[in-house]
Amino acid sequence: MTARVLVADDQSVVREGLVLLLGLLPGIEVVGSAGDGEAALRLVAAERPDVVLMDLRMPRMDGVEATRRIRAEFPDTQVVVLTTYADDESVFAALRAGARGFLTKSADADEIARAVEAVMNGDAQLDPGVQRRLISTVTALQVPSDASARTAGGRGAAPAGLTPRELEVLRLIARGLSNAEIAAALYVSEATVKTHINNLFAKTGLRDRAQAVAYAYRNGLADPS
């Protein structure tokens, strides 16, 4: 399946370079490019791309606000942030706005292609350094003395009516595994994994995998390994 991708970046050299790079990748069709968030929003309305590669620091409407508007008005369009800035404030603002991926501009073509494929399949794709900081931040906010969240064996008790298998899937999400990797680890199909994820999201009120990672660490449910 071909992914229809829109590029949003205020630097023309970067924007044009990304368009050329993406045009060389199999399975990706570039449907447009924008130099600011307002233009990106208009193009999403016109082209309905599958994925937007979104810079954060842009004039007239920044990438965070553009992401929030796109996700609210065009929920079938996913957003992968591709930016120079990977500070905690930028990361959390983008994820809260609804971005499903976060890469820095040091990412190569394969990483960008994997991120596009991942978000189209309902997964999240975070730069490894970003994911480590996200986990560290959430872990630092944990209350280790909350004995009620742990079983005698040291692992979190399943809240919100999660089944043992859903809890297992949650732990694997917290380890950063994709749906395909979870399926291989549990010897089930990807469709079964997606069903478990949909169920645990519905039970816990989670919206995406980034929230699932935070939820797992906050409640002492992540596998310590």
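We number each residue from 1, following the sequence as shown. Since we're looking at a predicted model, the values are computed, not measured.
- Partner of Pro49 under the side chain to side chain contact (heavy atoms under 4.5 Å, CB included) criterion, chosen from Leu6, Ile70, Leu43: Leu6.
- Closest approach of Thr67 to Gly98, counting heavy atoms only: CG2-C, 4.1 Å.
- Put simply, CG on Asn179 and OG1 on Thr192 are 11.0 Å apart, with the number rounded to the nearest 0.5 Å.
- Between Arg209 and Asp123 a salt bridge is recorded (basic side-chain N to carboxylate O distance below 4.0 Å).
- The closest side-chain donor-acceptor pair between Arg165 and Asn199, if any, does not fall under 3.5 angstrom.
- Distance check, rounded to the nearest 0.5 Å: CG of Leu200 to CD of Glu168 gives 12.0 Å.
- Scanning all heavy atoms of the two residues, the minimum distance from Ala66 to Met54 falls at CB-CE, 3.7 Å.
- Taking each heavy atom of Ala34 and Ala40 in turn, the nearest pair found is CB-N, 3.4 Å.
- Note that CG of Leu170 is 7.0 Å distant from CG of Leu162, once rounded to the nearest 0.5 Å.
- Residues Glu38 and Met61 share a closest heavy-atom pair of N-CB, 3.7 Å.
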Could you go through the side chain to side chain contact (heavy atoms under 4.5 Å, CB included) check for Asp62 and Glu65 one step at a time?
CA-CA 6 Å; Asp62 65 22; Glu65 178 61 15; 3.4 Å; yes
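- We find the CG-OG1 distance between Asp55 and Thr84 to be 6.5 Å, quoted to the nearest 0.5 Å.
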Kindly determine whether Lys105 and Leu82 satisfy side chain to side chain contact (heavy atoms under 4.5 Å, CB included), including the steps that lead there.
CA-CA 6 Å; Lys105 287 182 179 176; Leu82 185 62; 4.2 Å; yes
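- One distance of note links CZ of Arg4 with CZ of Arg48; it measures 10.5 Å at 0.5 Å rounding.
- Of all non-hydrogen atoms in Val44 and Val52, the two that sit nearest each other are CG2-CG2, 3.7 Å.
- No side-chain heavy atom of Asp10 sits under 4.5 Å from any side-chain heavy atom of Arg60.
- For residues 110-119, there are no salt bridge (charged side-chain N to carboxylate O under 4.0 Å, His left out) pairs, not counting sequence neighbours.
- Between the side chain of Arg71 and the backbone N or O of Thr77 there is at least one donor-acceptor pair closer than 3.5 Å.
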Determine whether Leu56 and Phe102 satisfy the following criterion, side chain to side chain contact (heavy atoms under 4.5 Å, CB included), listing intermediate values before the conclusion.
CA-CA 10 Å; Leu56 288 183; Phe102 196 109; 4.2 Å; yes
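- The two residues Val81 and Ala99 make their nearest non-hydrogen contact at CG2-CB, 3.9 Å.
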Quick one: side chains of residues 14-32, donor-acceptor pairs under 3.5 Å with protein atoms, not counting sequence neighbours, listed by atom name and distance.
{"unit_1": "Arg15", "atom_1": "NH1", "unit_2": "Asp9", "atom_2": "O", "d": "2.6"}

Apply side chain to side chain contact (heavy atoms under 4.5 Å, CB included) to Val5 and Met120, showing your working.
CA-CA 11 Å; Val5 177; Met120 285 188 62; over 6 Å; no
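- To the nearest 0.5 Å, atom OG1 of residue Thr195 and atom CD of residue Glu190 are 11.5 Å apart.
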